[in-house]
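A note on names: the letters A, B, ... follow the listed sequences, proteins ahead of strands, and every chain is numbered from 1. Predicted, not measured: the structure shown is a model, and the values here were computed from it.
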Amino acid sequence: MYNAGQYDVIVVGAGHAGVEAGLAAAKRGAKTLMLTLNLDLIAFMPCNPSIGGPAKGVVVREIDALGGQMGKVIDKTHIQMRLLNTSKGPAVRALRAQADKVLYQQEMKRVLENQENLTLRQGMVDEVIVEDGKVKGVLTETKAAYYAPTVIVTTGTFMRGKVLIGDIEYESGPNNQRATVKLSEQLEQLGFDIVRFKTGTPPRVNSHTIDYSKTEIQPGDEEPRAFSYETTEFITDQIPCWLTYTGEFTHQIINENLTRSAMYSGAERGTGPRYCPSIEDKIVRFNDKPRHQIFLEPEGRNTDEVYVQGLSTSLPEDIQKRLLETVPGLEKAEMMRAGYAIEYDAIVPTQLWPTLETKKIEGLFTAGQINGTSGYEEAGAQGIMAGINAAAKVLDKETLILDRSQAYIGVLIDDLVTKGTNEPYRLLTSRAEYRLLLRHDNADLRLTDLGYQMGLIPEERYERFTTKKQLIEEEVKRLKSNIIKPSEDVQQLIQDLGGSPLKDGVRASDLLRRPEVKYDHIKQLIPAEATLPNDVEEQVEIIVKYEGYIEKSMQQVEKMRKMENKRIPERIDYDDVQGIATEAKEKLKRVRPLSVGQASRISGVNPSDISILLVYIEQGVRSKASNE
Amino acid sequence: MEQDTIAAISTPIGEGAIAIVRLSGDEAFKIANRVFKTKELTEVDSHTIHYGNIVDPKTDELVEEVMVTVMKGPKTFTREDIIEINCHGGMVSVNRVLQLLLREGARLAEPGEFTKRAFLNGRIDLSQAEAVMDLIRAKTDRAMNVALKQMDGRLSDLIRKLRQELIETVAHVEVNIDYPEYDDVEEMTHDMLIDKANHVKKEIHKILQTAKQGKILREGIATAIIGRPNVGKSSLLNKLAHENKAIVTEIPGTTRDVIEEYVNVRGVPLRLIDTAGIRETEDIVEKIGVDRSRQALKEADLILLVLNGNEAFTKEDAALFEAAQGMDVIVLVNKTDLELNIDMDKVKKAANDAPIITTSLLEERGIDELEEAIANTFFEGELESGDLTYVSNVRHIQLLEQAESALDDALNGIEMDMPLDLVQIDITRTWELLGEIIGDNVHESLIDQLFSQFCLGK
């Protein structure tokens, strides 16, 4: 063992969580080291070559508003981009991009290499060095000891990873990389509760062997779009995806070979996610469904590999080949990589504080799939938060915890550390109570201030942001104070739109609230002094049109915040609180919620337990006051 | 939960010449203001009292003539804004006022909740903290369990069914949002949602209309004592009134003040109709007595039909039975202290399935049986404690009314052409409110529903 250097923050892993963690810590001013198994696979996408989608796309924007990297890199490296849910309300719209996998990795690596305070190194971490319950550094298999008071472990699905294809299984990380075995064993020895999860990926096929005439084209949007608020250059030459379906004999082949699927062979296996079922799962659980969608997604501009979305499987390789032959368009498809299932160790996330520091070992943070989540976006979100908070710990700066009304990131982390998860956790819009507030169009308005405070947003960008904010506020104010009179022009316009004529003058904001009226119409009637940028106009329209619903949500948030602001003393002894139900007591002891609000979200903790807790805390506060 | 505005009747139930409804919380003034139509309560000085009327803002109906005390926090018992509404004694009017406040946004206080708030806000002494905790502990989930047990099984089944419909609808909207490209999931439309919302709303409305216990709590069971003169109506009235501390309410505005008396029989609130009439006409001619009885019948939910066991079954008796046909009737064969001359077979035949109680009001025999019969009629023997039923049912009604109004919001949103993901907020709210009635409110079940209803995934 040799001393390989002293750092403020060490990040183990350079996947989607690792890169955000490393960048955030370095930007805050911490001397940061990133260790990864393979420098050629930084920010690798072992599963679908795509970023964003409902909820997830909003997360990418949130990461960007906090000063993270994911949005900027995908903006530069996608092959197509679409805005989803355009026919629905503003709260659920989201961007999704198909990535060029290789370009994405290269671009991300370049960003890391150019980041001040950040050192990038290849190496397998075997253990974290722990003394007196505090982390001191890490030790690699080549016996290099790196020292730091904080370590962020972002080992994804590598921990004791095992690939399963039919009855074949072997120790491996995703895409045949080496699994991380010793670190996982050590975490278990340190007393962490570990669960076994699984996930899977479909086969890839060669584009030249696909008969696209039997499929439907799925082009990107014509209008240029971007995730990042900093992006100014847009990619125009996009590559389409293609849609096909499972065929007549697909189901038959699966049913006949079900016992040969790694997941259906009867062996005890890790828990898989319901939202990302294998094709075997879909056919068994929804037997009456005649066909399932299959999306063909190119993996990049400089490759002919195509990802067969919808056909995730752990059937044997020969069956996978036969399966592909049953799909219209893929009859002659050449399988380049087989699909597989992967099992891995994850940490039970209720062992974390909302900062993502572990409760057990001071200075040790975990982020990403190791915490039981799934998805690049969920990983990146945890990465940036862990990076911010690890740096805060070392540099004695502000920590950052987002609540459920501020960001999907807040929902994600609160769910993880408060409720835990018994399957790989994926964000869905329905997990957010205040979905209307957590829109993709206002991520910057929600979080840029915080990103700036954390030191992750450059001055120039922040200035642009404050200008935008000001323009929005002024325009909303103008619409609320300007009266539109029922002149001939106005009545004509309303009639053209199919609305009922005005009886009296109305405020411009009230007129905009009519279903048929858009901001563009208002602009015609009472033009603004100067032309406003599109994103400002969009924001004004949303704020005015949905004001009633937004206000209702805000009221709920106010109530939630009051409970969130009632802090639970760190040293509380739940055994001393008489009258809380036993089950609730056990859960409270395990989760150790920071606030009464958080406590109330633990399943098994009832309102009466919360009442008693409140009284108990107040009792403590007052006896302390009387002692002083 | 801990910061909403709470309301409760803070005087002992069924006693005293006045009854007070107390409101405490941030919105106390606002809520009271919505129903108090005489003055702007948000503008009066703190710690002042005001005379005026409580009016139902939905129907503009006069509910009660009251005195309202306005107290601005923190110089109050709970250190929050407090409103106290002084009503006439008796449960009918005070209940109506409470119902109205709950409908307008207050939440029914848990036992001891005012005291709890007083403590949490630093108003009462540390030594009392133990007592507050005991209070919370004592109620804990028991009250909820009792409430659940007392709820009509059919009602809870119906609520479960409605919730299932709602969550399927919500899951459908959600799946359209979270999986926009899955073309085999039909896109939910405004029209589909209108049908669903209207259907559930109609069902909730029906529950509210017919929920027997709910109606009882709002109004008391309108009870008529009928019978020929001199069979013992007056004695029965006095007996019920005396034993159960009747409260006399005068309702002004009719040509002659009709007097109602309010009694609580084993937890069942009875509103005795036209008691003045009974007392006045007991001694006058037969015809008027019977006519008055017929009049009382029209309004009644429950009929106490009194017969004189000492005399033969008469034509008039038969006529009364006929008039009471199809209603809840309890037959009293009175004056069993005297010789039994009535033909019991005739009585049984006339009574059909109605319970028959033999009493001697003079010797106080049969009163217990009568009270039990009254309780049985409305609670089928399941009732144990009147107070608990009262609390939980008010809660149920409140939740149902809120659910109904959440559905109105949803329908309103549809009419305004709001996107479905916004309309869905109010549908989900309805589902949550109904869940509170049957004690089930886990958000995770939506996600379970999503994945069991649809075949999803990448």
pair [X]-[Y]: side-chain heavy atoms closer than 4.5 Å:
| X | Y | value |
| --- | --- | --- |
| Tyr549(A) | Asp426(B) | yes |
| Leu84(A) | Tyr179(B) | no |
| Arg514(A) | Asp417(B) | no |

Quiz item: Considering only heavy atoms, which portion of Arg82(A) lies under 4.5 Å from any heavy atom of chain B: side chain, backbone, both, or neither?
Solution: side chain
Exercise. Select one option (side chain, backbone, both, neither) describing which atoms of Lys552(A) are under 4.5 Å from chain B's heavy atoms.
Key: side chain
Quiz item: Does a salt bridge link Glu174(B) with Arg435(A), judged by any charged N lying under 4.0 Å from a carboxylate O?
Solution: yes
[atom1] of [X] to [atom2] of [Y]: how many Å apart, nearest 0.5 Å?
| X | Y | atom1 | atom2 | result |
| --- | --- | --- | --- | --- |
| Tyr546(A) | Met418(B) | OH | CE | 6.5 Å |
| Glu181(B) | Gln293(A) | CD | CD | 8.0 Å |
| Leu120(B) | Leu614(A) | CG | CG | 5.5 Å |
| Lys562(A) | Asp26(B) | NZ | CG | 4.0 Å |

Exercise. Heavy-atom distances under 4.5 Å only: say whether Leu422(B) touches chain A with side chain, backbone, both or neither.
Key: both
Identify the heavy atoms of [X] and [Y] that sit nearest to each other, and give their distance.
| X | Y | value |
| --- | --- | --- |
| Asp4(B) | Lys559(A) | CB-NZ, 4.2 Å |
| Asp421(B) | Lys88(A) | OD1-CB, 3.7 Å |
| Thr429(A) | Ile177(B) | OG1-CG2, 3.5 Å |

Exercise. Report the residue from Asn85(A), Val92(A), Thr86(A) that forms a side-chain contact (heavy atoms from CB on, under 4.5 Å) with Pro180(B).
Key: Asn85(A)
Self-check item: More than 12 heavy atoms from other groups under 6.0 Å of NZ on Lys585(A)
Solution: yes
